[in-house]
Protein chains: 2
Amino acid sequence: MAVTIKDVAKIANVAPSTVSRVIANSSRISEKTKKRVREVMDELGYHPNFIARSLASHSTRAIGLVMPSSSDAVFQNPFFPTVLTGLSEGAHAKQYALHMTTGKTDDEIYDGVVAMVQGGRVDGVVLLYSKVEDRVISYLKKRDFPFFVIGKPFKDDENINYVDNDNFKAGKEVTEHLIQLGHDRIAFIGGNLDLVVTVERIEGYEKALRNSGIKLVDEYIINDEFLQESGQDAVEVLLSLDQPPSALVVADDLMALGVLNKLDEMGIEVPKDISIVSFNNVLIAEMARPPLTSVNINIFDLGFQAAKNLIQKIENPEEPIKRIIVPFNIVTRYSCDRPKESLV
Amino acid sequence: MAVTIKDVAKIANVAPSTVSRVIANSSRISEKTKKRVREVMDELGYHPNFIARSLASHSTRAIGLVMPSSSDAVFQNPFFPTVLTGLSEGAHAKQYALHMTTGKTDDEIYDGVVAMVQGGRVDGVVLLYSKVEDRVISYLKKRDFPFFVIGKPFKDDENINYVDNDNFKAGKEVTEHLIQLGHDRIAFIGGNLDLVVTVERIEGYEKALRNSGIKLVDEYIINDEFLQESGQDAVEVLLSLDQPPSALVVADDLMALGVLNKLDEMGIEVPKDISIVSFNNVLIAEMARPPLTSVNINIFDLGFQAAKNLIQKIENPEEPIKRIIVPFNIVTRYSCDRPKESLV
DNA sequence: TTGTATGCGTTATCAT
DNA sequence: ATGATAACGCATACAA
């Protein structure tokens, strides 16, 4: 058995409760006693037992992470490690640890969350956006358990804590960027329509077009999974139109890479023949040829803010519902240019 | 407060200990009682408290993950989420959860591990290879705490559980692949020499050359961080040699992407002018232009085996030291060809 | 300022 | 086959 509070107490000639108070740095303990006790702790290599502490104090100093199903494509996206880094630093700053459950199906995930929460393993939960949200969210709400969503929830978003970008605005600005360059045939290649992020970016895109008096073309909007293959398919469809677009708004860098490859295959040059802007600004945006103009959504901050604010909520349950909007900025690289007069 | 074992006991008219036995599905409880107790559990929505259980049973059913420092480049590498997926599935299969600590510096990481272990938060630990290993490993060994390393440890590897590929063999086969195509001016662009993986791949590379009677050229071996920029620098140096190489072995896909970009800039075509093979076979290997021939090291399995075998070790402390070698295979794509007679 | 006693929700050891 | 009771290691209300 490891050294416990009692061992320390015995050697320091104090009561266990005194040791406990020294650990908590209670103001009601004399400095002299503190010093002596601390020396003994060092001497014995004492470390508090988190489990016992949790049981007695009803607080674990751990926050639960609900991942998308591990079979999901999101896992392959560089978005994921980055947001994790942010979460991790946000948690670490307040001495919290991260606790993960995963599952291959939505049911497994749900069960994992329930076990984690009811089992008292965590003090709060962060949901990395995915489709399971519905059940998990309603469960957490019913239990009145502290949680934050990264990305905007499907519904009831006034009553749910979340951290997100202003994706409408991002979609709009990115489209305006292309309009300013002179484009008026702008297509949108997006992700899964079940995701709020996709819908909002499309709406921003449409708003920008409308504001500029450019008429919307239904065929210019294509949605599919956040995968690179779909990027490729989309390109084929778009470029076989009578009036192919001269610019593309692509909802994800990885998809944009697929688009880039397909265009290369077809002998179409970027940005000479067609312009591209994408979202997320992960490493590959920079490494693509040409380097992609991309919206930096500050993925790290998304995670960091989620952790930070969740912990605030945990430590102060009276905190009101919060919706944190992380700013974005467009990182201009070399994938956009003025339109050519004709394409193909 | 949540519903406890006592509440269930009271309503089911049994002792708390009986309920506990029902949860454990003890064979010494009659089916009739089990049924009744279970009904009450469902009725009340009972879920066992992990914390209390852990305290009493000295087992947390959680495994700790030691990440590289979050500022590290590894975090940017797609290797990371994939290995995490493997770990997660391996853990989940045995109903274990994952518990993460991270830190920005090696000291923070070390402290995190100590707190996690001494605090009794986890039953075992998996180290995702990094440079901190030294202190952390010696601490864990001293405490005789169950752990596995992903990747080969720096030293003392006969006494440490690890999961790894045969990187010597991989380096050798990949080089042979190029030799068979007719190359004899083959360079190696590797990662940090502090990493065992780098050293082993180089040794395999050298072995292959020696076996074929090709003499080693010092200038043909360049080592740097696992980053894309270094890939670029390396290319400049290599191609300015009197006898520039006709083929490159690159230790990581991400680096290879940097190499590819640089070559593209210089107007050198792959694989016509120069051939490339790389390692890890992450998504970008497939998405690069041209798609890269890469060594599939089965990253998922690295994680999965680590979790699985660690849990075995936890549940059966008598298990001997294990060294698990995960097989690899070369995935041939379009980045290799026969050498041209002259380059530049 | 410090000590004593009790409880947190389980599991485990004795009994019966 | 089941019940009573003592740990597990710590926090805290109450005493002193």
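So you know, we letter chains A, B, ... as the sequences are listed, proteins then strands, and number each from 1.
No engagement by A:Phe50 is indicated, since no non-hydrogen atom pair under 4.0 Å with the nucleic acid exists. Nucleic acid contact for A:Asp7: none, since no nucleic acid atom lies under 4.0 Å from a heavy atom of the residue. In this structure, A:Val19 reaches neither bases nor backbone, as no heavy-atom distance under 4.0 Å exists between it and the strands shown.
Rounded to whole angstrom, the span from the CG atom of A:Asn25 across to the C1' atom of C:dT1 amounts to 15 Å. One interatomic measurement links the two molecules: CD1 of B:Ile5 to P of C:dG7, which rounds to 18 Å at whole-angstrom precision. A:His47 has its NE2 atom 16 Å from the P atom of D:dG9, to the nearest Å. Between the NZ atom of A:Lys6 and the P atom of C:dT4 there is a distance of 13 Å, rounded to whole Å. For the pair B:Leu44 CG and C:dG9 C1', the interatomic distance rounds to 15 Å; values are reported in whole Å. Rounded to whole Å, atom C1' of C:dG7 lies 12 Å from atom CG of B:Leu55. The separation between B:Arg53 atom CZ and C:dT10 atom C1' is 8 Å, rounded to whole Å. One interatomic measurement links the two molecules: NE2 of B:His58 to P of D:dC8, which rounds to 7 Å at whole-angstrom precision.
Of the possible donor and acceptor atoms, one in the side chain of A:Thr85 sits under 3.5 Å from a partner among the backbone N and O of A:Pro81. In this structure, the side chain of B:Asn49 engages the main chain of B:Ala52 through a donor-acceptor pair within 3.5 Å. In this structure, the side chain of B:Ser54 engages the main chain of B:Ser59 through a donor-acceptor pair within 3.5 Å.
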Table please: side-chain donor-acceptor pairs of residues 312-327 of chain B below 3.5 Å, with sequence neighbours left out.
unit_1	atom_1	unit_2	atom_2	d
B:Gln312	OE1	B:Lys322	NZ	2.7
B:Lys313	NZ	B:Pro317	O	3.1
B:Lys313	NZ	B:Glu319	O	2.9
B:Glu315	OE2	B:Tyr96	OH	3.0
B:Asn316	OD1	B:Glu318	N	3.2
B:Asn316	ND2	B:Glu319	OE2	3.4
B:Glu319	OE1	B:Lys322	NZ	3.0
B:Lys322	NZ	B:Asn309	OD1	3.3

Only pairs under 3.5 Å count here: list side-chain donor-acceptor contacts from residues 7-14 of chain A, not counting sequence neighbours, and write none if there are none.
unit_1	atom_1	unit_2	atom_2	d
A:Asp7	OD2	A:Thr4	N	2.8

Output a table of donor-acceptor pairs, distance under 3.5 Å, between side-chain atoms of residues 20-27 of chain A and any protein atom two or more places apart or on a different chain; print 'none' if there are none.
unit_1	atom_1	unit_2	atom_2	d
A:Asn25	OD1	A:Lys34	NZ	2.8
A:Asn25	OD1	A:Arg38	NH2	3.2
A:Ser26	OG	A:Arg28	N	3.1

I'd like a table of atom pairs between the protein and nucleotides 5-7 of chain D - only N or O on both sides, under 3.5 Å - with the distance next to each one.
none

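The listed nucleotides are C:dT2, D:dC10, C:dT10; the one nearest the side chain of A:Thr18 is C:dT2. Closest approach to the A:Ala15 side chain among C:dG3, D:dG9, D:dA11 is made by C:dG3 (side chain taken as heavy atoms from C-beta onward). Distances from the side chain of A:Arg21 to the nucleotides C:dT2, D:dG3, C:dT11 place C:dT2 closest.
With sequence neighbours excluded, the residues satisfying side chain to side chain donor-acceptor pair (under 3.5 Å) with B:Asp123 are B:Thr60. Under the side-chain contact (heavy atoms from CB on, under 4.5 Å) criterion, B:Asn159 pairs with B:Lys141, B:Asp156, not counting sequence neighbours. Looking at residues two or more places apart in sequence or on another chain, you find a ring-ring contact (aromatic ring centres under 6.0 Å, His included) between A:His99 and B:His99. Residues satisfying the ring-ring contact (aromatic ring centres under 6.0 Å, His included) criterion with B:His92, sequence neighbours excluded, are absent altogether. A:Lys35 pairs by the salt bridge (Lys or Arg N to Asp or Glu O under 4.0 Å) definition with A:Glu39, not counting sequence neighbours.
Listed by first and then second residue, the salt bridge (charged side-chain N to carboxylate O under 4.0 Å, His left out) pairs involving residues 93-103 of chain A amount to none (not counting sequence neighbours).
Of all the residues in residues 26-40 of chain B, not one reaches under 4.0 Å from DNA chain C with any non-hydrogen atom. Residues from residues 110-120 of chain B placing a heavy atom under 4.0 Å of any atom in DNA chain D do not occur.
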